[in-house]
**Q** 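I'd like to ask some things about the structure below.
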Amino acid sequence: MIRVTLSGDSLSSVGRQHEGGNCKLILPEVDTSFDDFSARLQEKGAFPVRTYTVRYARGEQKEVDIDFVSHGASGPGSRWAESARVGSFLGFMGPSLAKVTHFNAPWYFLAADLSALPMVAATLEAMPADARGVAIIEVPSLLDQQEIESPIGIGIHWLVHADSLQQSFAQERFVKAIDWPGGRVQVCVAGESNTIKSLKKILLEDKGVVKSDSYISGYWKIGLIEPEHQQFKKKSA
């Protein structure tokens with residue numbers, strides 16, 4: 001992951017309530033001048049737009065932290081982040097509020113891959129200190145583990161899946177194997193769409209989690225870039 005701190009006057013209204021929420025980034029190529037970017041910013045399709053998560057927000061300092069998955073030059077977000085320096089620029093739209101805004105269950109279950117790690121980490125850090133439950137986070141390597149200030153009663157388990165271009169079943173196996181509590185459970189799950197589809201079936205049908213206690217979302221899909229994935233989600237809705 002590459003963490004980039006964005007700064008600008010327009011970020012003064014972005015605060016803790018947005019951490020874990022999504023934003024849209026308009027991403028110029030490395031050789032794009034600021035004048036050219038500004039002049040073409042309103043042109044539809046002039047620059048790629050991708051969805052990211054607000055990791056930290058400090059409105060009083062007019063700063064927002066964004067975590068980018070680093071996978072070389074194959075995507076506009078990764079290309080931009082890997083070349084970012086003081087003075088680099090992009091367009092920022094949004095953000096939404098945090099994905100989970102109320103915590104009122106006796107037990108919680110959270111799951112993410114690298115794409116959803118910023119959202120789940122922000123959710124864990126927003127939980128009440130006495131929260132109890134389990135979080136599983138799937139990463140390409142144990143070197144991708146992060147320090148998360150989560151409640152002591154939330155057990156965090158890091159799973160390794162090295163090849164992100166192949167569907168993982170590790171999260172599915174983990175959920176089936178753990179002791180699931182009786183009573184109400186609140187869930188927050190996001191990541192690769194094939195994995196999320198399997199987890200959703202287990203959680204809602206087998207574990208009895210109700211939709212109103214669930215945030216479940218596919219953030220990306222193997223083989224599709226984001227615009228294609230958005231179309232896929234619309235057709236599947």
**Q** Starting from F109, can I reach Y215 by hopping between I/L/V/M/F/W/Y residues whose side chains sit under 4.5 Å apart?
**A**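 Result: no, two separate clusters.
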**Q** Working to the nearest 0.5 angstrom, can you tell me the gap between Q171 CD and S198 OG?
**A**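 So the CD of Q171 and the OG of S198 are separated by 10.0 Å.
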**Q** Considering non-hydrogen atoms only, spot the tightest contact between V210 and L204 and give its length.
**A**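 For V210 and L204, the tightest heavy-atom pair comes out as C-CD2, 4.4 Å.
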**Q** List for me each residue that meets side chain to side chain contact (heavy atoms under 4.5 Å, CB included) alongside E29, sequence neighbours excluded, and say none if there are none.
**A**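 Counting only residues at least two positions away or on another chain, E29 forms a side chain to side chain contact (heavy atoms under 4.5 Å, CB included) with D31, T32, R79.
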**Q** Could you tell me which non-hydrogen atom of F47 sits nearest to which non-hydrogen atom of D36, and how far apart they are?
**A**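 That closest heavy-atom pairing would be CZ-O, 4.5 Å.
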**Q** Using atom types as modelled, flag every donor-acceptor pair under 3.5 Å from a side chain in residues 140-154 to any protein atom, sequence neighbours excluded.
**A**
| from | atom 1 | to | atom 2 | distance (Å) |
| --- | --- | --- | --- | --- |
| S141 | OG | L143 | N | 3.0 |
| D144 | OD2 | S141 | N | 3.1 |
| Q145 | NE2 | L142 | O | 3.1 |

**Q** With sequence neighbours excluded, tell me which residues meet salt bridge (charged side-chain N to carboxylate O under 4.0 Å, His left out) with D65.
**A**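 Expected list: R58.
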**Q** Taking Y56 as the starting point, is it possible to reach V64 by hopping between hydrophobic residues whose side chains are less than 4.5 Å apart?
**A**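 No, V64 and Y56 fall in different hydrophobic clusters.
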**Q** Can you list everything that forms a ring pair (Phe, Tyr, Trp, His ring centres under 6.0 Å) with F103? Sequence neighbours excluded, please.
**A**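 Listed in chain order: nothing, the list is empty.
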**Q** Tell me whether L199 shares a hydrophobic cluster with V134, the cluster being built from Ile, Leu, Val, Met, Phe, Trp, Tyr side chains joined at under 4.5 Å.
**A**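 Yes; V134 is reachable from L199 via cluster members.
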**Q** Are any non-hydrogen side-chain atoms of W80 and V4 less than 4.5 angstrom apart?
**A**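 Side chain of W80 against side chain of V4, heavy atoms only: contact under 4.5 Å found.
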**Q** Apply ring pair (Phe, Tyr, Trp, His ring centres under 6.0 Å) to W107 and list each qualifying residue two or more places apart in sequence or on a separate chain.
**A**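 Expected list: W180.
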**Q** Is the shortest side-chain N to carboxylate O distance from E125 to R16 below 4.0 Å?
**A**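 Between R16 and E125 there is no salt bridge, as every charged N stays at least 4.0 Å from the carboxylate O atoms.
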**Q** Which atom names give the shortest non-hydrogen contact between E82 and S70, and what distance separates them?
**A**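 Where E82 meets S70 most closely, the heavy atoms are OE2-OG, 2.6 Å.
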**Q** Between the main-chain N or O of G218 and the side-chain N or O of K233, is there a donor-acceptor pair closer than 3.5 Å?
**A**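 It does hold such a pair.
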**Q** Membership question, hydrophobic clusters at under 4.5 Å side-chain separation (ILVMFWY): are V54 and L11 in the same one?
**A**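 L11 and V54: one cluster.
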**Q** Tell me, do K99 and S217 make a side-chain contact under 4.5 Å, heavy atoms counted?
**A**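 No, too far: nothing below the 4.5 Å cut-off.
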**Q** side-chain contact (heavy atoms from CB on, under 4.5 Å) for H18 and S13? Distances and angles first, verdict last.
**A** CA-CA 10 Å; H18 299 106; S13 61; 6.0 Å; no
**Q** Residues two or more places apart in sequence or in another chain: which of them pass side chain to side chain donor-acceptor pair (under 3.5 Å) with S33?
**A**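 Residues passing side chain to side chain donor-acceptor pair (under 3.5 Å) with S33: none at all.
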**Q** Between L114, I225, D113, which is the residue that forms a side-chain contact (heavy atoms from CB on, under 4.5 Å) with W220?
**A**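 The residue from L114, I225, D113 that satisfies side-chain contact (heavy atoms from CB on, under 4.5 Å) with W220 turns out to be D113.
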**Q** For E192 and S115, test the side chains for any donor-to-acceptor distance below 3.5 angstrom and give the result as yes or no.
**A**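 Absent: no donor and acceptor within the cut-off.
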**Q** Is there a donor-acceptor contact under 3.5 Å from the side chain of S168 to the main chain of S164?
**A**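 Absent.
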**Q** In terms of relative ring orientation, are F89 and F37 parallel, tilted or perpendicular, with 30° and 60° separating the classes?
**A**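 The rings of F89 and F37 sit tilted, inter-plane angle from 30° to 60°.
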**Q** Taking CD in E60 as the centre, count heavy atoms belonging to other residues, nucleotides or ligands within less than 6.0 Å. Is the count above 12?
**A**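 For E60, atom CD is crowded (more than 12 foreign heavy atoms under 6.0 Å).
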**Q** Linking I/L/V/M/F/W/Y whenever any side-chain heavy atoms sit under 4.5 Å apart, do V69 and Y52 land together?
**A**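 Cluster IDs for V69 and Y52 differ.
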**Q** If you compare all heavy atoms of F68 against all heavy atoms of G77, which two are closest, and at what distance to 0.1 Å?
**A**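 Closest approach of F68 to G77, heavy atoms only: CD2-O, 3.5 Å.
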**Q** Enter the distance from I196:CD1 to I216:CD1 here, rounded to the nearest 0.5 Å.
**A**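 It comes to 8.0 Å.
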**Q** Of all heavy-atom pairs between M119 and G20, which one has the smallest distance, and what is that distance?
**A**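 Scanning both residues, the minimum pair turns out to be CG-O, 3.4 Å.
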**Q** Between K201 and E172, is there a side-chain N and carboxylate O pair less than 4.0 Å apart?
**A**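 Answer for the salt bridge query: no.
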**Q** Do Y108 and C188 have side chains that get closer than 4.5 Å, going by heavy atoms?
**A**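 Of all side-chain heavy-atom pairs linking C188 with Y108, none is under 4.5 Å.
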**Q** To the nearest 0.5 Å, what is the distance between NZ on K62 and OG on S7?
**A**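 Between K62 NZ and S7 OG, I get 8.0 Å after rounding to 0.5 Å.
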**Q** Applying side-chain contact (heavy atoms from CB on, under 4.5 Å), run through R184 and N104 and close with a yes or a no.
**A** CA-CA 10 Å; R184 186 171 168 227; N104 48 21; 2.8 Å; yes
**Q** If every non-hydrogen atom of A57 is compared with every non-hydrogen atom of G15, which pair is closest and at what distance?
**A**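 Answer, listing the atom of A57 first, then G15: CB-O, 3.4 Å.
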**Q** Verify, without hydrogens or angle tests, whether S38 (side chain) and D35 (backbone) share a donor-acceptor contact under 3.5 angstrom.
**A**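 Looks like no, no N/O pair under 3.5 Å.
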**Q** Do H161 side-chain atoms and F169 backbone N/O form a donor-acceptor pair below 3.5 Å?
**A**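 Flag not set: sc H161 to bb F169 has no pair under 3.5 Å.
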**Q** By salt bridge (charged side-chain N to carboxylate O under 4.0 Å, His left out), which residues pair with R50, not counting sequence neighbours?
**A**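 Partners of R50 by the salt bridge (charged side-chain N to carboxylate O under 4.0 Å, His left out) criterion come out as none, since no residue qualifies.
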**Q** Out of curiosity, K211 NZ to L203 CG, how far, rounded to the nearest 0.5 Å?
**A**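 Spacing of NZ (K211) from CG (L203) equals 13.0 Å.
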**Q** Go through the structure and list residues passing side chain to side chain donor-acceptor pair (under 3.5 Å) with H157, not counting sequence neighbours.
**A**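 For H157, no residue satisfies side chain to side chain donor-acceptor pair (under 3.5 Å) once neighbours in sequence are set aside.
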**Q** Nearest 0.5 Å, what's the CG-CD distance between L224 and Q231?
**A**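 Interatomic distance, L224 CG to Q231 CD, rounded to 0.5 Å: 11.0 Å.
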**Q** Are W158 and I156 side-chain neighbours, meaning at least one heavy-atom pair lies under 4.5 Å?
**A**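 Yes, at least one pair of side-chain atoms sits under 4.5 Å.
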**Q** Could you pull out all residues at least two apart from E138 that satisfy salt bridge (charged side-chain N to carboxylate O under 4.0 Å, His left out)?
**A**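 Salt bridge (charged side-chain N to carboxylate O under 4.0 Å, His left out) check on E138 returns nothing, list empty.
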**Q** Tell me, do P48 and E226 make a side-chain contact under 4.5 Å, heavy atoms counted?
**A**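 SC-SC contact between P48 and E226 ruled out.
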**Q** Report the residues that fulfil salt bridge (charged side-chain N to carboxylate O under 4.0 Å, His left out) with R173, sequence neighbours left out, ordered by chain and then residue number.
**A**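 Scan of R173 (salt bridge (charged side-chain N to carboxylate O under 4.0 Å, His left out), adjacent residues dropped) gives none.
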**Q** Going through the checks in order, is the side-chain contact (heavy atoms from CB on, under 4.5 Å) test met by K200 and S214?
**A** CA-CA 9 Å; K200 183 176 181 179; S214 309; over 6 Å; no
**Q** Carefully, step by step, assess K207 and V187 under the rule side-chain contact (heavy atoms from CB on, under 4.5 Å).
**A** CA-CA 11 Å; K207 304 298 186 182; V187 306; over 6 Å; no
**Q** H229: what forms a side chain to side chain donor-acceptor pair (under 3.5 Å) with it, not counting sequence neighbours?
**A**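 With neighbours one apart ignored, the set is S193.
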**Q** Could you tell me which residues satisfy side chain to side chain donor-acceptor pair (under 3.5 Å) with S96, sequence neighbours excluded, listed by chain and number?
**A**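 Testing S96 for side chain to side chain donor-acceptor pair (under 3.5 Å), a comparison that skips the adjacent residues, returns N22.
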**Q** Quick one: pull up CD in E228 and NZ in K221 and give me the separation to the nearest 0.5 Å.
**A**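 Between atom CD of E228 and atom NZ of K221 there are 11.5 Å.
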